[in-house]
Amino acid sequence: NQGLFKGTIEEFVQFNHERQKEVLKSYDISLNLFGASSLGRPAEIHRQESIDFITKLYKNGHLVKLTTSQFYDAELGVFLNGRQAIGQCPIAGCSSERGYADECSLGHQYMPVDLINPRSTLTGKKPEMRDVTNWYFKLDKFHDLLKLWAEDLEKDPASRHPVINSIREFLEPPVVYVKREQFSLLTMIKEKLPEYSLTDENNKPSITLTFNSVEEREKACLVFAGNGIRYRTGKTLVPFRLTGNIEWGVPAPALEGLDGLTVWVWPESLWAPISFTMAYLESQNKGMDTWKGWWCSKEAQVYQFIGEDNIYFYGPAEMAMFMGSQGKNPSFDVPEGELQIPKLVCNSHVLFLNKKASSSGEIKPPMARELLDYYTFEQLRAHFLSLGLAMKSVSFQPKPLNPKANEKDADPVLKEGNLLSNVFNRAIRSCFYTTQKYYDGKIPVGDVSPEILEESRKTILEYEKLMYKCEFHAIMTLLDTYLRNVNKYWAGNIRQAAQNNDANLRARSRIDAFHMVRTATVLVHPIAPKGTEMVREYLNLDDSFWSWDRIFDNVYDFMTDPPHHELKFLEPRIDFFLKHPSQIDPGYQKDTAV
């Protein structure tokens, strides 16, 4: 916090927690529990679950006690945590901006001694290496089970291929790349190296040495370093560190007399959702073991939405630890009652004005709170859903924050929002106003046209398929087509009814249009909850309106007495989906209060 916050670290965490909660509320994101691993009752449960989880892995034989070198700032007399030592990632081909103590900004894992050109962020000096002992999870021993998991992912149509490709890279054998010009030095020390196989492809600048295990590769790296041979390591599974020595961390269990350790933040974040499930169920007066119905049942499915740079942790590391919790001989076919394998929904990066931005990098992204000075939360929800991050990184280009934007240019962020505030809004208002004018505020009763029922049915089934596959950008395209068809159908029939003074066509148009509005309202509800809840309110219907079990029902099926069911009166110029004040009033002044 750059010394700007006056208070304890607990107060700082609480301060940020409350701010984040307010932002989530501003975006109409409602959570059963917004917990933190260091605050309140969820923290107490999480501390106990951390001890229980690590102890179970230990008893199952999946932990190893390793003494490794850790960065130490001699000037300040302190060990450096993961982000206090920075350098260059040693993984060959890595394009990350920076490497930290034992992982880079893209999630590659390595031993601290392999970090290239390390320096302390506290003093700027090169840190020393001092031995520390910690508990590690034997991740490399789960190679065969993780290979089965990767093969299963390939069969799942909902899996995203970048996730599979990234996981496959970590399942490669332990390799070292040595520059071709140093081959003569390599031949001089080859007798000192563990057994390896050599691959020499003439078109590549490096020679590849493949070792039988991570341990043998580490021995080889020490030989290379001692003889002045420059090298880079490849991605592979390495022991996953569970503990550290950060004094404010979650306490680790004392095993084999190794006490006073805390849990490294990454592993505890992997089982923290289990802790929070326990905390929520307890708050609802449910038994503590009821969490297993969500995490240990084959009838349940956990989805985890992550960024691409966290695949290593939520992929191989988490899946292997969950499998390891079964016992000494875990199975990929997880038995009922044991931790099931979650589904990963991985997204690429959101760029800002075509550049990678992060809170720890040089280019800072706009904060979620700041964006509400220019857009409604429903406009932002619709836009971010449409970006197609399942396939590639996409640039976020808000016109008000783009210094290169031309005044006459359209704002890219408003494309999806305009579908709601213009197209869908117009269809709903027209249905209500004409019903008030011709039918005394009651929807004319009749059968929906077969072609309208069929189009709605196809749209619903495609929507459901896309939701299953988590192809959210395609959902926005689907809704764009359906909502425009509502307006197209409505406008054409109403124009014809007016020209011919055809009361039957006018009634038919209302019946069909209300069915399409009913269908569209339910499909849009997860994207724009406030506006669609307002539609339900004006339809004078209860919450069963949202039931997916009744998604094919028409609007009359929700009315107790359809011929006499009155809609709530819609005043002139009422909008269901609003524009931001700044988009309406050129003189709008944003609220700058903090």
Side-chain angles (χ1 to χ4, degrees), residues 27-29 158 305 345 347 350 375-391 394 396 410-432 448-449 451-492 512-539 541 545-548 550-555 575-580 583:
Y27 278 79
D28 210 359
I29 297 174
F305 293 82
V345 183
N347 291 307
V350 177
Y375 305 100
T376 69
F377 75 88
E378 291 190 323
Q379 289 173 332
L380 290 166
R381 286 169 63 126
H383 179 65
F384 283 125
L385 204 64
S386 74
L387 289 182
L389 296 172
M391 300 177 292
V394 181
F396 177 53
D411 189 339
V413 178
L414 293 180
K415 178 178 180 291
E416 297 75 25
N418 286 340
L419 177 66
L420 302 178
S421 59
N422 293 346
V423 179
F424 196 23
N425 214 38
R426 185 163 56 246
I428 301 168
R429 284 161 44 122
S430 297
C431 284
F432 276 89
V448 180
S449 300
E451 62 271 21
I452 297 299
L453 286 173
E454 181 60 14
E455 181 181 2
S456 299
R457 188 187 71 86
K458 287 182 177 179
T459 301
I460 289 167
L461 293 176
E462 181 65 15
Y463 179 98
E464 188 173 57
K465 183 178 77 173
L466 293 173
M467 275 290 186
Y468 167 73
K469 297 173 69 175
C470 298
E471 294 180 2
F472 305 121
H473 63 289
I475 286 174
M476 293 306 301
T477 302
L478 178 71
L479 290 176
D480 186 293
T481 300
Y482 188 72
L483 293 177
R484 293 186 189 281
N485 283 347
V486 176
N487 262 341
K488 181 180 178 181
Y489 171 84
W490 173 265
D512 290 344
F514 267 106
H515 179 74
M516 297 184 81
V517 165
R518 137 74 184 164
T519 300
T521 300
V522 177
L523 300 186
V524 172
H525 186 233
I527 303 162
K530 185 177 180 180
T532 51
E533 285 285 358
M534 184 176 172
V535 176
R536 182 193 63 80
E537 176 192 343
Y538 273 81
L539 286 171
L541 300 174
F545 182 81
W546 306 119
S547 171
W548 195 257
R550 302 183 62 183
I551 186 60
F552 295 109
D553 290 1
N554 64 48
V555 72
D575 290 319
F576 292 88
F577 304 96
L578 301 175
K579 292 181 179 289
H580 192 272
Q583 299 158 17

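- Within the 4.5 Å cutoff, the side chain of L483 has no heavy atoms near those of the R426 side chain.
- At a threshold of 4.5 Å between non-hydrogen side-chain atoms, the residues F396 and F384 count as touching.
- With values rounded to the nearest 0.5 angstrom, L420 atom CG is found 11.0 Å from L578 atom CG.
- Inter-residue side-chain proximity for E378 and Y27 is flagged as unmet; no heavy-atom pair is nearer than 4.5 Å.
- Screening residues 412-422 for salt bridge (charged side-chain N to carboxylate O under 4.0 Å, His left out) gives no qualifying pairs among residues at least two apart or on separate chains.
- Side-chain contact check for M516 versus D512: every heavy-atom pair is 4.5 Å or farther apart.
- Taking CD1 of I460 as the start and CD1 of I551 as the end, the distance is 4.5 Å to the nearest 0.5 Å.
- With contacts defined as side-chain heavy-atom distances shorter than 4.5 Å, the pair V555/L541 qualifies.
- Annotation for L389 and V394: closest pair CD2-N, 3.8 Å, computed over non-hydrogen atoms.
- The structure places CD1 of I527 at 6.5 Å from CD1 of I475, a figure rounded to the nearest 0.5 Å.
- Distance alone, capped at 3.5 Å, places no donor-acceptor pair between the R429 side chain and the F576 backbone.
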Determine, stepwise, if the pair Y538 / I428 fulfils side chain to side chain contact (heavy atoms under 4.5 Å, CB included).
-> CA-CA 10 Å; Y538 273 81; I428 301 168; over 6 Å; no
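- Counting heavy atoms from C-beta on, the side chains of L539 and F432 come closer than 4.5 Å.
- Distance alone, capped at 3.5 Å, is enough to place a donor-acceptor pair between the N425 side chain and the F577 backbone.
- The CG atom of D553 sits 8.5 Å away from atom OG of S547, with the distance rounded to the nearest 0.5 Å.
- When K579, Q583, H580 are each tested for a side chain to side chain donor-acceptor pair (under 3.5 Å) with Q379, only one passes: Q583.
- Counting heavy atoms from C-beta on, the side chains of L461 and F552 come closer than 4.5 Å.
- Within the structure, side-chain hydrogen bond (donor to acceptor under 3.5 Å, both in side chains) contacts touching residues 517-526 (residues at least two apart or in different chains) are H525-E533.
- In summary, K458 and E455 do not engage in a salt bridge, as defined by a charged side-chain N under 4.0 Å from a carboxylate O.
- Side-chain contact between K530 and F377: present, with at least one pair of heavy atoms (C-beta onward) separated by less than 4.5 Å.
- Remark: the backbone N or O of L523 is paired with a side-chain donor or acceptor of Y463 at under 3.5 angstrom.
- One finds the OG1 atom of T459 at 10.5 Å from the CG atom of L466 (value rounded to the nearest 0.5 Å).
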